[in-house]
Student: 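This is the structure I have questions about; it appears just below.
Note that the structure is a prediction, hence the values are computed from the model and not measured. Every chain is numbered from 1, with letters handed out A, B, ... down the list of sequences.
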Amino acid sequence: MPEANLPKTYDPAGTEARWQQAWESSGAFHPDPGAPGEPFSVVIPPPNVTGSLHMGHAFNTALIDTIVRFQRLQGKNVLCLPGTDHASIAVQTILEKQLKAGGQRKEDLGREAFLEKAWAWKAESGGTIVGQLRRLGYSVDWRRERFTLDAGCSAAVIEAFNRLHEQGLIYRGEYLVNWCPASGSAVSDLEVEMKEVDGHLWHFRYPLTAGAAADGRTHLEVATTRPETLLGDTAVAVNPKDPRYADLVGQTLTLPLVGRQIPIVADDHVDAEFGTGCVKVTPAHDPNDFAIGQRHDLPLITVMARDGSMNEAAGRFQGLDRFEARQALVAAMEEGGFLVKVEPYRHSVPFSDRGKVPVEPLLSTQWFVRTEPLAARCREALDAAAAGPEPRFVPERWSKVYRDWLTDIRDWCISRQLWWGHRIPAWFVVSETGGVITDSTPYVVARDESEAMAKAESIYGTGTHAHPMVLEQDPDALDTWFSSGLWPFSTLGWPDADAPDLARWYPTSVLVTGFDIIFFWVARMTMMAGALMESRGDASAAWIPFRDVYIHGLVRDENNRKMSKSAGNGIDPLLLIERYGADALRFALVREVAGAGQDIRLDYDRKSDTSATVEASRNFANKLWNATRFALMNLDGETPASLGAPIAAELESEDRWILSRLVRTADEAAELYGSYRLGEAAKLLYEFAWNDLCDQYIEWTKPRLACEDAAARTAARRVLANSLAALLVMLHPLMPHLTEELWHALTGSDLDTFLALQAWPELEQGWIDDSYEQAFQFGIESVRALRNLRALSGVKPSERLPVGIHSGIPERQAFLEANQGKILRLVGGSTMGLDPKPTTGQLLGIVDSDAQVGITVPQQSLDAFRRRLEKDLEKAEKEIKGLAGRLANPNFGGKAPPEVVAECRANLAEAEAQAEEARRRLADLV
RNA sequence: GCGCGAUUAGCUCAGCGGUAGAGCGCCUGCCUUACAAGCAGGAUGUCGCUGGUUCGAACCCGGCAUCGCGCACCA
C-alpha cells in the first residue's frame with residue numbers, strides 16, 4: 001500500500017508487481033459483454049511460442065496498452081484479449097534442431113512423442129512470454145487468454161477449412177511449390193526471401209539434332225545459374241521476334257549428357273537482349289519455366305527428391321546432393337566439350353525464411369486457398385465502403401501496400417509437411433488405393449472422422465469399391481497463418497454465431513502491428529473474414545475484422561539495425577524493466593514514436609546494460625513521484641475530493657494560469673491519444689508535468705502553501721491537488737503502475753478502487769483564458785531575465801539583492817504588484833521596485849519593448865554584462881534587417897494577409913525598441 | 001525495374017508555408033529541505049544538393065545525391 005511518507009526516490013520493482021497482482025486478482029480488465037458502454041476491443045498480435053519476447057513485442061505492447069487504457073478512461077467497455085501463436089514451422093525447426101543435437105530425428109520419436117515434446121516446449125515458452133507481458137503491466141483479460149492451438153481455435157480451424165472447402169475456396173492439386181529441404185515441407189511465397197548471392201553463370205552448348213542449320217550453326221548456347229536442372233530440361237526457348245532464331249523454332253536439340261530430344265520453342269517471356277537470347281526450360285524446377293511449359297505443353301521432369309538430392313530421373317547423378325550434383329554436372333559438361341565459359345554472376349536466390357537454405361521449386365500435391373475471390377472482397381471494402389475505407393490504415397500510406405498485395409495475388413499453399421500444427425481435416429479413402437496415400441487417393445473433407453466416414457460411405461460405399469472402408473487422416477498440418485487468420489473471431493467464440501463476446505466485440509476496434517506482417521497476417525485476416533464473417537454484414541463491410549489498423553515501425557538498435565533474435569542484437573526487455581521499471585521502458589518506447597509510424601531507435605549500451613532514453617523516462621517517473629510527494633507534504637491529509645474543485649474567486653495568477661494550461665493539455669492529450677498520435681501525447685504531458693506544473697506552478701505557489709493564511713493555503717491546495725490528480729489520470733495510459741500508486745496516495749482511495757477504471761478528467765472549459773496565460777507568461781519571462789542578470793553579475797546566489805521591474809502596461813503592473821513576494825523569492829531578491837528609472841549600480845535587462853528589469857549589485861561584472869548587451873543588440877539588429885527588408889518589398893504589403901503584415905510591423909517596432917534600449921545601456925556603461 | 005520512407009544542433013528525433021524546437025550530451029553556477037534521477041542560467045544549426053512556385057520555403061512542386069525498406073525479377 002502507498003506509504004504515508006514516500007521515500008525520496010521511486011522504486012518501481014515492488015510497486016509494479018503489487019499493482020499487476022491487484023489488477024489481475026480483482027478482474028479489473030475482465031470485461032462483461034453485457035455491461036454498458038460503447039464496446040472497444042483489441043486482440044493482441046499473438047507472439048510466437050519460440051522462446052521469449054524481444055523489444056519489438058515490448059513496443060507493440062506499450063502501444064496497445066496505451067490505447068486500451070485510454071479508451072477505458074473514456075468509459076468504454078474495453079476488451080483486450082491476449083494469446084500466443086503455436087508457430088508451426090518455427091517451433092518444429094527448433095525442436096528438430098534439439099533432437100539433432102542429441103543424434104535423433106523426429107521419426108525416431110514418432111508423431112505422438114514428438115507432439116508431447118512440442119506441448120512441453122509450448123508450456124515453457126508460453127509461460128515465459130505471458131510472464132513478460134505481465135511484467136509490462138499489460139491490461140489484457142488473462143481469463144480470456146487464447147492459444148492458436150487450443151481447443152476453441154482448433155475447432156475454428158476445422159470449421160473454417162470445411163466451409164472454405166465447401167465454398168470451393170480450398171482445393172488440392174499438384175503444382176510447383178516452394179520446397180524447403182531443411183524443413184522437409186512446402187512453404188508459401190511469403191516465407192521465401194530473395195537474397196543476393198555471388199554465383200556463376202555457366203554457358204553451355206546444346207547441339208542441334210539435325211547436325212547443322214542452313215547457315216552452318218551446329219548448336220545453341222544457353223546460360224544458367226543452376227546447371228543441375230539441365231537434367232530436367234524439356235525445351236529451349238527463344239523470343240518469337242528474335243530474327244536470329246526464327247528459322248530454328250520447331251527444330252530440336254539434343255540435351256547433353258542425357259540425350260533427350262528437346263524442342264526449340266518461341267515464347268514472349270524470353271528477353272532477346274539478355275545473353276544469347278536462348279533459355280533452357282526446366283518446367284519442373286522453375287516457376288517461369290513451369291509457365292512456359294504450360295504454354296507449350298512441355299513434359300515436366302522432376303530430377304530432385306524432397307531432401308534436395310538428385311532422384312532416379314537424374315541418372316548417374318542420382319543420390320548426389322543438389323550442390324554436389326551441380327559440380328559434378330559442370331565437370332561432366334566440360335569433359336564432354338559442352339561448356340563454353342563460366343562467369344562470376346551476382347543474382348537473387350530464393351531462401352527459406354525458417355530453414356535458411358535455398359528453396360527448391362518442386363512439383364508437389366498440396367492444399368491451396370483460392371485467394372483471388374477473397375482478395376477481391378477485401379479490395380472492394382477498401383475502395384467502396386460508404387463510411388470510408390475498411391480497414392482504415394494509420395498511417396494511411398500502408399493501405400497502398402496492402403491493396404497492391406491483394407492485387408495479382410497468387411494462391412496460398414496452406415499445407416505443411418509438419419507435425420506441430422493443425423492437422424488438415426481431410427481423410428483419404430486409402431482402401432481405394434491399396435492402403436496407401438497417393439496423389440490419386442480419393443479424400444473427403446469433414447469436421448471429424450465419423451463425419452468423414454459417413455461422407456466416404458455415401459460416395460464410395462457402393463458396388464465396385466473395396467470394403468471395408470478404411471480412412472486415414474491427411475498427415476500434414478496447416479500453415480500457422482491459417483489459424484492466425486481466424487484470430488479476431490476465433491478468440492471471440494466463432495464459429496458459435498451467438499457467442500456473447502463475438503456479438504459484443506466483433507469487429508474489433510483497432511489492430512496494432514508492425515508493417516512486416518501486413519501480408520502474412522493483416523491481409524490473411526481480412527481475407528478469412530471475408531469468407532467466414534460476411535454473413536454478419538449488412539450493406540457496409542461489417543465483416544472486416546478491425547476498423548483501424550495502426551501500423552508501427554520496428555525497433556532498431558544503436559547501430560540502426562533491426563533488432564532481431566537471429567541477428568543477435570536483441571535486447572531483453574526484462575533487463576531494462578529491472579533497471580528502470582516497466583513504466584520507464586513503456587514511456588521511452590512510446591515517446592520515441594513519431595507521427596508517421598517510423599521505426600524507432602533505442603539507444604543502448606551493451607557493456608553496462610543501460611539506455612539513456614529509458615533513463616530519461618525513469619527520471620520523469622521520479623519527477624512525478626517527487627511532485628506527488630511534495631503535494632502530500634503540503635496537503636496535510638486533505639485529498640482532491642475533500643478539498644473540492646478550485647473556486648474562481650479565490651484564485652491567484654499562477655492558479656488561473658495552471659488551470660488554463662491544464663484544460664488545454666487535457667483537451668489536446670485526449671485528441672492525440674484518440675487519433676493514435678501517442679508519441680505526441682507523451683511529449684505533451686511530459687512538458688506540462690515538468691515545465692508547467694513542477695518548474696512553474698509549484699515554485700510560484702510555495703509561499704502560499706507555507707503561509708499562515710488558511711484560506712490562501714486551501715485555495716492553493718485545491719488547485720495543486722486537482723491539477724496533479726488530473727495529470728495522473730492523463731498519464732496513466734503511459735505509466736500505469738506509477739500513476740496508480742501515486743493516485744492512491746493522493747486520493748486515499750480504497751485498494752479495490754483503481755485509477756485504471758476512473759474517468760478521464762472532466763474539466764471546466766471556462767478555465768481556459770488567454771489573457772491570464774499571457775500575464776503569467778510575462779511573469780515567467782521577467783523572472784528569467786532577472787535570473788540571467790544575476791548569473792552575469794557573479795554575485796553569490798545566496799545573497800539577496802534589490803531588484804526592479806518596469807512595465808508601462810497596466811495589466812502587467814497589476815500583476816507585478818500582486819506577485820511581488822513570489823517574484824522576489826524566485827529571483828533571490830530583497831526588495832522590489834517598480835521604478836522605470838535606471839539607477840547607477842544597477843544591471844539592466846530587457847524583457848520586451850515594454851518591460852525592463854534590473855538588479856542592484858555591489859560590484860558590477862561589466863565585461864560579462866557588456867557582452868550580453870552587445871549580443872542582444874546584434875540579435876535585434878539582425879531581426880530589424882530581416883523585417884525591414886520584408887516590409888520594403890512592395891509585393892509583401894500588397895499580397896500578404898493584412899494580419900501578417902501587421903504582425904511584421906509590430907515585430908519590427910519591438911526589435912527597434914529593444915535595439916535602442918540595448919544601445920542606451922551600452923552607452924551608460926562607458 | 002516499380003513503389004515507399006529518411007536526410008534539421010555533437011547524438012536521437014519533432015516541426016511540414018510567416019524566418020528553427022525537444023530529449024540526451026556540452027558550458028557556467030547552485031546540496032535554494034519535493035526531486036543532484038535535481039535546480040537556475042547559457043552556447044550550439046548555409047534545415048542533403050539543385051532548379052522552380054510564392055510577397056515569403058526546412059515545409060509545396062521538379063530534378064539529383066546518399067542511406068534504408070518493400071515488391072517484382074533476365075536464364
Student: What's the CZ-P distance between A:R403 and B:rG3, to the nearest Å?
Tutor: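 Those two atoms, CZ and P, are 16 Å apart.
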Student: The criterion is side-chain contact (heavy atoms from CB on, under 4.5 Å); which residues satisfy it with A:D692, sequence neighbours excluded?
Tutor: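 Partners of A:D692 by the side-chain contact (heavy atoms from CB on, under 4.5 Å) criterion, ordered by chain and then number, come out as A:W657, A:I658, A:R661, A:F688.
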Student: Just to verify, what does A:K702 make a salt bridge (Lys or Arg N to Asp or Glu O under 4.0 Å) with, not counting sequence neighbours?
Tutor: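 Testing A:K702 for salt bridge (Lys or Arg N to Asp or Glu O under 4.0 Å), a comparison that skips the adjacent residues, returns A:E699.
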Student: Counting side-chain heavy atoms from CB outward, which of B:rG18, B:rG23, B:rA75 is closest to A:P897?
Tutor: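 So the nucleotide nearest the side chain must be B:rG18.
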Student: Whole-Å distance between B:rG17 C1' and A:K895 NZ?
Tutor: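 So the two atoms are 16 Å apart, to the nearest Å.
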Student: Within the structure shown, what part of the strands sits under 4.0 Å from A:K400 by heavy-atom distance: base, sugar-phosphate, or nothing?
Tutor: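 Sugar-phosphate contact only - A:K400 comes under 4.0 Å of backbone atoms but never of a base.
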Student: Can you tell me the distance, in whole Å, between the CG atom of A:L685 and the C1' atom of B:rA22?
Tutor: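 The distance from CG of A:L685 to C1' of B:rA22 comes to 15 Å, rounded to the nearest Å.
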Student: Do nucleotides 34-40 of chain B as a string where each nucleotide becomes B, S or -: B if the base has a protein heavy atom under 4.0 Å, S if just the sugar-phosphate does, - if no protein is that close.
Tutor: BBSBSSS
Student: Got a sec, which residues hit salt bridge (Lys or Arg N to Asp or Glu O under 4.0 Å) with A:E877, two or more places apart in sequence or on another chain?
Tutor: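 Result, salt bridge (Lys or Arg N to Asp or Glu O under 4.0 Å) vs A:E877: A:R919.
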Student: Of all residues at least two apart in sequence or in a different chain, which pass the ring-ring contact (aromatic ring centres under 6.0 Å, His included) check with A:F620?
Tutor: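 By the ring-ring contact (aromatic ring centres under 6.0 Å, His included) rule, A:F620 matches A:F587, A:Y686.
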Student: Just jot down the side-chain contact (heavy atoms from CB on, under 4.5 Å) partners of A:R905, sequence neighbours excluded, or say none.
Tutor: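 Residues passing side-chain contact (heavy atoms from CB on, under 4.5 Å) with A:R905: A:L887, A:V901.
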Student: Mapping A:N889 and A:T276 to their closest nucleotides on RNA chain B, which lands nearer the 5' end?
Tutor: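 The answer here is A:N889.
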Student: When rounded to the nearest 0.5 angstrom, what is the spacing between OG in A:S723 and OH in A:Y697?
Tutor: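 That separation rounds to 6.0 Å.
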Student: Got a list of protein N/O to nucleotides 66-72 of chain B N/O distances below 3.5 Å?
Tutor:
none

Student: Report which part of the nucleic acid A:V222 touches: base, sugar-phosphate, or nothing (heavy-atom distance under 4.0 Å, all strands).
Tutor: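 No contact at all - A:V222 keeps every heavy atom at 4.0 Å or more from the nucleic acid.
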Student: Considering only heavy atoms from C-beta outward, does the side chain of A:M333 approach that of A:L230 to under 4.5 Å?
Tutor: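 Yes - at least one pair of side-chain heavy atoms lies under 4.5 Å apart.
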Student: Not counting sequence neighbours, which residues clear ring-ring contact (aromatic ring centres under 6.0 Å, His included) with A:Y10? List them please.
Tutor: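 Listed in chain order: A:W625.
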Student: Please report, rounded to the nearest Å, how far the P atom of B:rC55 is from the CD atom of A:E903.
Tutor: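 It works out to 19 Å between those atoms.
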Student: Send over the distance from A:I551 CD1 to B:rG5 P, rounded to a whole Å.
Tutor: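 Atom CD1 in A:I551 sits about 15 Å away from atom P in B:rG5.
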Student: Rounding to an integer number of Å, can you tell me how far A:K878 NZ sits from B:rA20 C1'?
Tutor: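 These atoms are roughly 11 Å apart.
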Student: Is any side-chain N of the basic residue among A:R579 and A:E615 closer than 4.0 Å to the acidic one's carboxylate O?
Tutor: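 Salt bridge: no.
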Student: Show me, range against range, the stems involving RNA chain B, built from at least 3 consecutive Watson-Crick or G-U pairs below 3.5 Å.
Tutor: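 Correct response: B:1-7 with B:65-71, B:10-13 with B:21-24, B:26-30 with B:38-42, B:48-52 with B:60-64.
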Student: Report the residue (A:R226 or A:N891) whose heavy-atom-nearest nucleotide on RNA chain B is the more 5′ of the two.
Tutor: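 Result: A:N891.
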Student: Describe the nucleic acid contact of A:S798 in one word from base, sugar-phosphate, nothing, applying a heavy-atom distance below 4.0 Å.
Tutor: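 Here A:S798 touches no strand at all.
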Student: Quick one: list whatever passes ring-ring contact (aromatic ring centres under 6.0 Å, His included) with A:F519, sequence neighbours left out.
Tutor: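 By the ring-ring contact (aromatic ring centres under 6.0 Å, His included) rule, A:F519 matches A:W405.
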Student: Could you state the atom-to-atom distance from CZ of A:R601 to P of B:rA14 in whole Å?
Tutor: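 These atoms are roughly 11 Å apart.
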Student: Please enumerate all residues that pass side-chain contact (heavy atoms from CB on, under 4.5 Å) together with A:P703, with sequence neighbours excluded.
Tutor: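 With neighbours one apart ignored, the set is A:K822, A:R825.
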Student: Quick one: side chains of residues 197-205 of chain A, donor-acceptor pairs under 3.5 Å with protein atoms, not counting sequence neighbours, listed by atom name and distance.
Tutor:
| from | atom 1 | to | atom 2 | distance (Å) |
| --- | --- | --- | --- | --- |
| A:D198 | OD1 | A:R346 | NH1 | 3.0 |
| A:D198 | OD2 | A:R346 | NH1 | 3.2 |
| A:H203 | ND1 | A:E221 | OE2 | 3.1 |
| A:H203 | NE2 | A:E343 | OE1 | 2.9 |
| A:R205 | NH1 | A:G337 | O | 3.2 |

Student: Report the nucleotide, chosen from B:rA75, B:rG18, B:rG5, that has the shortest atom-to-atom distance to any side-chain atom of A:V900.
Tutor: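 Minimum distance to the A:V900 side chain belongs to B:rG18.
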Student: I'd like the P distance from B:rG17 over to B:rC61, given in whole Å.
Tutor: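 Looking at atom P only, B:rC61 and B:rG17 are 11 Å apart.
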Student: Would you mind telling me which of B:rC55, B:rA75, B:rC4 lies closest to the side-chain atoms of A:F274?
Tutor: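 Comparing B:rC55, B:rA75, B:rC4 against the side chain of A:F274, the answer is B:rA75.
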